Novice: 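My questions will all concern the structure given below.
Throughout, a chain's letter reflects where its sequence line sits, starting with A, and its residues are numbered from 1. Side chains are part of it too, since the values below use all heavy atoms of this structure and drop only hydrogens, waters and symmetry mates. None of these values were measured; they are calculated from a predicted model.
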Protein chains: 2
Amino acid sequence: MQKQETLTKNQKIILDLIEKSDQPLKAYSILFDVKKKGINAPLQVYRALKKLVKIGKIHKIESRNAFIACKNSKCQIAKATVFSICESCEDVTEIHDHKLSEHLRDFKDNKGMKYSKYNLEFFGICKKCV
Amino acid sequence: MQKQETLTKNQKIILDLIEKSDQPLKAYSILFDVKKKGINAPLQVYRALKKLVKIGKIHKIESRNAFIACKNSKCQIAKATVFSICESCEDVTEIHDHKLSEHLRDFKDNKGMKYSKYNLEFFGICKKCV
DNA sequence: AACGCTGTGTAATAATATAACATATTTAAG
DNA sequence: CTTAAATATGTTATATTATTACACAGCGTT
């Protein structure tokens with residue numbers, strides 16, 4: 001399992017930025033923010049994001065095309081993610097629910113397909129926005 | 001609840017196309033296919049897709065930016081979707097599992113947020129690709 | 001008839017993401 | 001140590017996905 005120490009310069013810069021935000025960041029907003037650090041092209045951002053997703057440091061919120069840091073130290077691989085998304089303020093929170101995770105991990109469809117990964121996004125209106 | 005009969009010409013053309021495919025179609029591939037029917041611009045496709053998603057006739061596969069018809073007559077609103085996606089051949093199947101649906105429908109996070117919708121995508125390797 | 005709502009058609013552009021190429025750095029094996 | 005493989009970099013160009021803005025049409029309501 002790859003540790004943060006082994007991340008490259010670009011990967012560190014981008015992970016730092018995402019970790020400082022408690023909300024998902026979009027690739028081109030990241031690009032804008034890291035230009036002062038010498039990262040000039042979209043591809044440099046996307047390459048770092050791809051790696052960070054792969055090692056589980058960040059997750060992609062598929063319905064929003066945005067990236068958020070994973071705060072769960074156990075979650076070292078991006079294979080099982082659950083998010084809560086407010087459709088009004090767009091606030092995103094990662095959900096860790098043992099029972100739900102168990103249920104999803106053990107889920108088998110009727111074709112017997114084995115799943116190595118899942119992504120679940122819940123949508124609603126958060127307390128602040130009600 | 002809106003019935004298919006009330007769909008407009010563009011909406012019908014695009015729904016027909018998606019229903020004929022058992023796999024998700026991308027917006028620009030749809031555009032290409034319906035040009036012969038007089039639909040010329042991306043926006044015409046996206047507008048129809050938006051409506052069809054809203055009334056539950058089709059679903060968007062968020063991780064693939066593609067659209068698939070909903071074969072479940074009960075599923076008239078795009079509020080609760082579960083898909084199986086093969087990461088090798090990209091085959092996508094909608095999953096209807098009563099127990100899982102129940103579990104997800106009843107899920108409440110520890111902040112007491114109420115969810116009106118969810119989207120779950122399972123990833124793995126299908127039987128053909130193993 | 002005037003309004004609100006929904007849809008249409010068109011042009012332009014924004015936002016998201018990858019291909020292709022040349023080069024550098026790190027890692028592991030011989 | 002050196003060679004090969006794997007991974008990362010920097011840059012340019014381009015592909016793909018999606019929306020804004022504007023003018024107007026059709027329909028049901030009041």
Side-chain angles (χ1 to χ4, degrees), chain A residues 1-18 23-68 78 87 90 92 119 121, chain B residues 1-18 23-68 78 87 90 92 119 121:
Chain A
M1 193 165 335
Q2 182 153 1
K3 296 203 183 106
Q4 179 161 359
E5 285 77 12
T6 73
L7 294 179
T8 65
K9 181 171 143 282
N10 287 1
Q11 290 161 6
K12 267 181 222 155
I13 290 170
I14 287 170
L15 178 57
D16 278 356
L17 184 67
I18 297 175
Q23 285 301 299
L25 298 178
K26 304 202 144 214
Y28 276 72
S29 122
I30 292 170
L31 175 58
F32 179 86
D33 286 344
V34 299
K35 279 208 163 148
K36 47 182 170 285
K37 304 234 177 186
I39 295 178
N40 301 300
L43 193 45
Q44 293 175 289
V45 172
Y46 280 105
R47 284 198 282 226
L49 290 172
K50 187 176 179 181
K51 179 67 186 291
L52 293 169
V53 165
K54 194 177 171 195
I55 63 175
K57 288 291 185 185
I58 64 173
H59 303 299
K60 182 171 187 181
I61 311 298
E62 294 288 355
S63 67
R64 300 297 186 259
N65 301 313
F67 300 85
I68 194 168
E87 292 190 293
E90 291 291 324
V92 173
N119 180 61
E121 298 179 10
Chain B
M1 193 163 341
Q2 182 151 5
K3 298 205 180 102
Q4 179 160 0
E5 285 76 11
T6 74
L7 294 180
T8 65
K9 182 173 143 280
N10 287 1
Q11 290 160 7
K12 267 181 220 153
I13 291 170
I14 287 170
L15 177 58
D16 278 356
L17 183 67
I18 297 175
Q23 285 300 300
L25 298 178
K26 304 201 145 214
Y28 276 73
S29 123
I30 292 170
L31 176 58
F32 179 86
D33 285 344
V34 298
K35 280 210 162 146
K36 48 183 167 288
K37 303 234 177 186
I39 295 179
N40 301 301
L43 191 47
Q44 294 175 289
V45 173
Y46 281 105
R47 284 199 282 226
L49 290 173
K50 188 176 176 180
K51 178 67 183 291
L52 294 169
V53 165
K54 195 177 170 195
I55 63 176
K57 288 291 184 187
I58 64 173
H59 302 300
K60 181 171 188 181
I61 311 298
E62 294 287 356
S63 67
R64 299 298 186 259
N65 300 313
F67 300 84
I68 194 167
E87 292 190 292
E90 290 292 323
V92 173
N119 180 63
E121 299 179 9

Novice: Which whole-number value in Å describes the distance from B:Lys50 NZ to D:dA18 P?
Specialist: 13 Å

Novice: Supply the atom-to-atom distance A:Gln11 CD to A:Lys50 NZ, rounded to the nearest 0.5 angstrom.
Specialist: 12.0 Å

Novice: Under the rule for side chain to side chain donor-acceptor pair (under 3.5 Å), what residues qualify as partners of B:Ser63, not counting sequence neighbours?
Specialist: B:Glu121

Novice: Using only side-chain N and O atoms of B:Gln44, determine if any of them is under 4.0 Å from OP1 or OP2 of C:dT8.
Specialist: no

Novice: How close or far is atom C1' of C:dG7 from atom CD1 of B:Ile14, stated in whole angstroms?
Specialist: 13 Å

Novice: If only side-chain N and O atoms of B:Thr8 are considered, is one of them under 4.0 Å from the OP1 or OP2 phosphate oxygen of C:dT6?
Specialist: no

Novice: C:dT27 P sits how many Å from A:Leu7 CG, rounded?
Specialist: 12 Å

Novice: Measuring from atom CG of B:Leu49 to atom NZ of B:Lys54, what distance do you get when rounded to the nearest 0.5 angstrom?
Specialist: 14.5 Å

Novice: As an exercise, state the distance from CG of A:Asn10 to CG of A:Leu15, rounded to the nearest 0.5 Å.
Specialist: 12.5 Å

Novice: A:Leu43: which residues meet the side-chain contact (heavy atoms from CB on, under 4.5 Å) condition with it, sequence neighbours left out?
Specialist: A:Arg47

Novice: With axes from five pairs an end, tell me the bend angle of the helix from C:dA1-D:dT30 to C:dG30-D:dC1, nearest 10°.
Specialist: 40°

Novice: Measure the spacing between NZ of B:Lys60 and CD1 of B:Ile68 and express it to the nearest 0.5 Å.
Specialist: 14.5 Å

Novice: Between D:dT12, C:dG7, D:dT9, which nucleotide gets closest to the side-chain atoms of A:Asn10?
Specialist: D:dT9

Novice: If a protein heavy atom is under 4.0 Å from the base, mark B; if only from the sugar-phosphate, S; if neither, -; do that for nucleotides 14-25 of chain C going 5' to 3'.
Specialist: --BBBBB-----

Novice: Let me confirm one number: the NE2-CD1 distance from B:His59 to B:Ile18, rounded to the nearest 0.5 Å.
Specialist: 11.5 Å

Novice: If you take all heavy atoms of B:Glu90 and B:Glu87, which pair is closest and at what distance?
Specialist: OE2-O, 4.1 Å

Novice: For B:Ile61 and D:dT17, give me the distance from atom CD1 to atom C1', rounded to whole Å.
Specialist: 16 Å

Novice: Quick one: A:Lys37 NZ to D:dG10 P, roughly how many Å, whole number?
Specialist: 14 Å

Novice: Find the distance B:Ile30:CD1 to D:dA18:C1' and express it as a whole number of Å.
Specialist: 13 Å

Novice: Let me know the distance between NZ of A:Lys51 and P of D:dT7, rounded to the nearest Å.
Specialist: 8 Å

Novice: Please tabulate, for the side chains in residues 25-39 of chain B, all donor-acceptor contacts under 3.5 angstrom to protein atoms that are two or more places apart in sequence or on a different chain.
Specialist:
from: B:Lys26; atom 1: NZ; to: B:Arg64; atom 2: O; distance (Å): 3.2
from: B:Lys36; atom 1: NZ; to: B:Asp33; atom 2: O; distance (Å): 3.0

Novice: Rounding to a whole Å, what distance do you find between B:Gln11:CD and C:dT8:C1'?
Specialist: 11 Å

Novice: So, OP1 or OP2 of D:dG10: does either fall under 4.0 Å of a side-chain N or O from A:Asn40?
Specialist: no

